[in-house]
> 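Dumping the structure here so I can ask a few things about it.
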Amino acid sequence: MSFWLFKTEPGCFSFENLKNRPNMTEHWDGVRNFQARNFLRDQIKTGDLVLFYHSSIPEPGVVGLAEIVRDGYPDFTALDPNGEHFDPKASPANPIWFMVDVRYLKELPRMVTLAQIKNHPMLTNMPLVKRSRLSIQPVQQEEWQIILAMGGMDTP
DNA sequence: GCCAACGTTGGC
DNA sequence: GCCAACGTTGGC
């Protein structure tokens, strides 16, 4: 089982959107970056856990947890010419882009801000700090535990 | 709204 | 295959 951090602009899709439909699965579609695509296609598996991160707001940070409920599969929004995420190079035979499905798990009692993460000496190697633009990132188990503790979650 | 970082595109 | 131009992301 692996840990990940997924970024989203809350104006586009927020943790509240996920939380409000707790038993529904959501497609994590529209990712159009090859490095992120490779994680979605090759490494992210059902049962993996996700830090849900809000970006491009006055106080960005991790707000909650989600769970992967379906392994990577072709992102069909790339095939819709009327859709926002259309890619003319994608086809059913060569989908190019992939997505996973996620489900709401838990809201953090306290949001963990980017500023807090940057200030924690054990978290300075996170891609979030070093390569902030990557929208799907691996998270080390230690980092996961630290962030959950900072967010007020009890860890067994 | 600005701008730095960085990913992608396309000419050569 | 290089690299300049361009577009996008995301913090501030």
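Chain letters run A, B, ... following the sequence lines, proteins first, then strands; residues in each count from 1.
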> Expressed as a whole number of angstroms, how long is the span from A:Arg32:CZ to C:dG10:C1'?
19 Å
> Taking NZ from A:Lys89 and P from B:dT8, how many angstroms apart are they, rounded to a whole number?
10 Å
> Side chains of A:Asp87 and A:Trp97: do they bring a donor and an acceptor to under 3.5 Å?
yes
> Do A:Leu148 and A:Met1 belong to the same hydrophobic cluster, where Ile, Leu, Val, Met, Phe, Trp and Tyr are linked whenever their side-chain heavy atoms lie under 4.5 Å apart, directly or via other members?
yes
> Within the structure provided, determine whether A:Trp4 and A:Pro138 are in side-chain contact (heavy-atom separation under 4.5 Å).
yes
> How long is the line joining CZ of A:Phe34 and P of C:dT8, in whole Å?
15 Å
> From CZ of A:Arg37 over to C1' of B:dT8, roughly how many Å is that when rounded to an integer?
14 Å
> Under 4.0 angstrom, heavy atoms only, what part of the nucleic acid is A:Leu114 near: base, sugar-phosphate, or nothing?
sugar-phosphate
> Only one of A:Phe15, A:Tyr104, A:Phe6 passes ring-ring contact (aromatic ring centres under 6.0 Å, His included) with A:Phe52; say which it is.
A:Phe15
> Can you check whether A:Lys130 has a side-chain N or O nearer than 4.0 Å to OP1 or OP2 of B:dC6?
no
> A:Arg133 has a side chain; which of C:dC12, B:dT8, C:dG7 sits nearest to it?
C:dG7
> Of A:Arg21, A:Arg103, A:Lys19, which meets salt bridge (charged side-chain N to carboxylate O under 4.0 Å, His left out) against A:Glu26?
A:Arg21
> Would you mind reading off the distance between A:Glu9 atom CD and C:dT9 atom C1', rounded to a whole angstrom?
8 Å
> Could you tell me whether A:Arg37 sits above the aromatic face of A:Phe39, with NZ or CZ closer than 6.0 angstrom to the six-membered ring centre and within 45 degrees of the axis?
no
> Reckon A:Ser56 touches a base, only the sugar-phosphate, or nothing at all at heavy-atom distances under 4.0 Å?
base
> Which nucleotide in the list B:dC6, C:dC12, C:dG10 gets nearest to the side chain of A:Lys118?
C:dC12
> Rounded to whole Å, how long is the line connecting atom CD of A:Gln35 with atom C1' of B:dA5?
14 Å
> Using a heavy-atom cut-off of 4.0 Å across all strands, would you classify A:Pro60 as base, sugar-phosphate, or nothing?
sugar-phosphate
> Starting at atom CG of A:Leu134, determine the distance to atom P of B:dC6, rounded to an integer number of angstrom.
11 Å
> Is there a side-chain contact between A:Thr77 and A:Phe86 (heavy atoms, below 4.5 Å)?
no
> Does C:dG11 have its OP1 or OP2 closer than 4.0 Å to a side-chain nitrogen or oxygen of A:Tyr53?
yes
> Scan residues 73-87 of chain A against DNA chain C and write down, sorted by residue number, each residue with any heavy atom closer than 4.0 Å; if none is found, say none.
none
> I need the CD-P distance between A:Gln137 and C:dG10, as an integer number of Å.
9 Å
